[in-house]
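Worksheet: the structure to be examined is printed underneath.
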Protein chains: 2
Amino acid sequence: MSAARQSPVPAPLSKARLRLWLRLLKATGEVEAELRRRLRAEFDTTLPRFDVMAALARAPEGLRMSEISERLRVSNGNITGIVDRLVQEGLALRVAVPGDRRAMVARLTPKGQEVFAEQATAHEQWVDHLLAGLDGDDLASMAAQLDRLTGHIRKECD
Amino acid sequence: MSAARQSPVPAPLSKARLRLWLRLLKATGEVEAELRRRLRAEFDTTLPRFDVMAALARAPEGLRMSEISERLRVSNGNITGIVDRLVQEGLALRVAVPGDRRAMVARLTPKGQEVFAEQATAHEQWVDHLLAGLDGDDLASMAAQLDRLTGHIRKECD
DNA sequence: GTTTGAAATTTCAAGCCTAAACTAAAATTC
DNA sequence: GAATTTTAGTTTAGGCTTGAAATTTCAAAC
């Protein structure tokens, strides 16, 4: 009738990991939701569009469709649609690739560059304010932990 | 021409916060993507369906549509569709609420409970393995940091 | 009791997302 | 150089997501 354990403890770490995962999901989701809200409210755009424009902004020569989908880790067909809409709004262009008639390069228009520059500035500030609860030490230790996490996952999932 | 600063440094913290945000997004996204993959591969289901079933599993009496959408923080119309599909698969039921002819309660069927129990066990193990890169100290410090983060956000966004 | 306003849910339009099928154009192999 | 395979991209079907409109019912005020 004592409190002695009958079997090796099944690692409460497992429960702690699940709880941390839920917290991680919650925190990330809240920040992301707020960023989406503001992108919508301030610039009438979306996070996926912003992400594609961010990728294009770093590549003045433009990026092939497949390069965009690799960098953003989303499917190929997805990019087709998002670039369609950017083109339709005059923010991006599709350019044929000289040597390869299968390939297309997407590139920001001057208007697209201008619009993105504004959005990027605001975005950086928003993130700064939203994460203001974390000081320098937090940032450093969390960065290390997240690196451990992603490092482990890469092993876990081959 | 010296390296003297002309103005108060614009806080490199802001850049560090942006970089941390990207890391957070990446780590969370990778874990989430892997969980989705496995839910699909092992149980032919999706994360949203799993989340709804998890909410219902904690409420044997069932939950009103609006209660589900509040707990999961997704829109009302969204839940309609997900519950539709759960019902169609025989995992959940819609029950009329006696006192209020507007309201509906969703509840797991016995089959739904059974199916979910299996999924939940696997899910907990998956998370444990995916987060195995974090030890007890990591979990504790990260939990505290994430709480600071969400605490601050709640103030930031009213 | 009727009107008015609020609440619970569904429906709808639009966008995001994926996996799989499809098309067209290389690149390789024989 | 013709056949095969690979690669780039789009299309399609199905599901998730939201915000806004529409429905039905309830509650409150009158």
Side-chain angles (χ1 to χ4, degrees), chain A residues 25 29-30 32-41 43-53 55 62-89 91-107, chain B residues 25 29-30 32-41 43-53 55 62-89 91-107:
Chain A
L25 212 48
E30 284 179 10
E32 194 174 318
E34 186 61 24
L35 292 175
R36 285 181 197 272
R37 254 192 297 281
R38 293 187 188 183
L39 281 171
R40 168 67 63 209
F43 297 111
D44 191 31
T45 190
T46 65
L47 200 46
R49 276 200 263 266
F50 177 80
D51 289 340
V52 168
M53 291 183 80
L63 291 176
R64 289 154 101 105
M65 294 298 152
S66 48
E67 285 176 319
I68 304 175
S69 64
E70 275 163 32
R71 294 193 189 196
L72 269 45
R73 283 147 211 266
V74 299
S75 72
N76 229 328
N78 193 357
I79 296 299
T80 297
I82 296 175
V83 169
D84 278 353
R85 283 178 279 273
L86 289 178
V87 167
Q88 203 178 331
E89 290 169 22
L91 302 172
L93 279 167
R94 268 197 183 82
V95 184
V97 173
D100 188 339
R101 283 192 293 174
R102 293 169 303 179
M104 294 298 265
V105 156
R107 185 190 294 191
Chain B
L25 212 48
E30 285 179 9
E32 197 175 317
E34 185 61 22
L35 292 175
R36 285 180 197 274
R37 253 192 299 281
R38 294 187 187 182
L39 280 172
R40 169 66 64 208
F43 297 111
D44 191 32
T45 190
T46 65
L47 200 47
R49 276 200 265 264
F50 178 80
D51 288 341
V52 168
M53 290 184 81
L63 291 175
R64 289 154 100 105
M65 295 296 155
S66 48
E67 284 176 318
I68 303 176
S69 65
E70 274 163 32
R71 294 193 189 194
L72 269 43
R73 283 147 212 267
V74 300
S75 72
N76 232 328
N78 193 357
I79 296 300
T80 297
I82 295 174
V83 170
D84 278 351
R85 283 178 279 272
L86 289 178
V87 168
Q88 204 178 331
E89 292 170 21
L91 302 172
L93 279 168
R94 268 196 183 83
V95 183
V97 173
D100 188 341
R101 280 193 295 175
R102 295 169 301 180
M104 293 298 264
V105 157
R107 182 191 295 190

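Note on naming: letters A, B, ... go to the chains in the order of the sequence lines (proteins, then strands), and numbering restarts at 1 for each one. Predicted model only: the values in this text are computed from it and were never measured.
Classification of A/Arg71 and A/Glu67 as a salt-bridged pair fails, no side-chain N sitting under 4.0 Å from a carboxylate O. Ion pairing between A/Arg85 and A/Glu89 fails under the 4.0 Å rule for side-chain N and carboxylate O.
Residue contacts for B/Ile82: at a heavy-atom cut-off of 4.0 Å it reaches the sugar-phosphate backbone alone, with no base atom in range. The residue A/Ser75 sits close to a base: some heavy atom pair falls under 4.0 Å. Heavy atoms of A/Arg94 sit under 4.0 angstrom from primed sugar atoms or phosphate atoms, though from no base atom.
Considering only side-chain N and O atoms, B/Arg40 lies nowhere under 4.0 angstrom from the phosphate OP1 or OP2 of D/dG14. Contact check, A/Ser66 against D/dT7: no side-chain N or O comes under 4.0 Å of OP1 or OP2. The shortest distance between the side-chain N/O atoms of A/Thr80 and the OP1/OP2 oxygens of D/dT11 is not below 4.0 Å. For the pair B/Arg85 and D/dC16, the criterion of a side-chain N or O lying under 4.0 Å from OP1 or OP2 is met. Phosphate contact (OP1/OP2 of D/dT18, side-chain N/O of B/Asn78, threshold under 4.0 Å): present.
Note: CD1 (A/Ile68) to P (C/dC17) measures 13 Å, nearest angstrom. Separating the CG atom of A/Leu39 from the P atom of D/dT18 is a distance of 16 Å, rounded to the nearest angstrom. Here C/dC16 presents its P atom at 21 Å from CG of B/Leu47, a figure rounded to the nearest Å. Atom CG of A/Leu63 and atom C1' of D/dA8 are 15 Å apart (whole Å). As rounded to whole Å, 20 Å separates atom P of C/dA14 from atom CZ of A/Arg36. Distance A/Arg37 CZ to D/dG19 C1': 13 Å, rounded to the nearest Å. Remark: P of D/dG9 and CD of A/Glu70 are 10 Å apart, rounded to the nearest angstrom. Summarising the geometry, the separation between CD1 on B/Ile79 and P on C/dT11 is reported as 15 Å, rounded to the nearest angstrom.
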Kindly determine whether B/Asp84 and B/Thr80 satisfy side-chain contact (heavy atoms from CB on, under 4.5 Å), including the steps that lead there. CA-CA 6 Å; B/Asp84 278 351; B/Thr80 297; 4.0 Å; yes
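For the pair B/Glu32 and B/Leu47, the tightest heavy-atom approach, listed with the atom from each and the gap, is CG-CD2, 3.7 Å. Across A/Leu63 and A/Ala55, no two heavy atoms sit closer than the pair CD1-O, 3.8 Å. Of all the heavy atoms in B/Val52 and B/Leu86, the pair that sits closest is CG1-CD1, 3.7 Å. Looking at every heavy atom in both residues, A/Ser69 comes nearest to A/Ser75 through CB-O, 3.8 Å. For the pair B/Val87 and B/Arg94, the tightest heavy-atom approach, listed with the atom from each and the gap, is CG2-NH1, 4.1 Å.
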Return the polar atom pairs (N/O with N/O) between nucleotides 21-25 of chain C and the protein under 3.5 Å, or none.
none

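Listed nucleotides: C/dA8, D/dG9, C/dC16. Nearest to the side chain of B/Arg64: C/dA8. Nearest to the side chain of A/Met104, among D/dG9, C/dT9, D/dC16, sits D/dG9.
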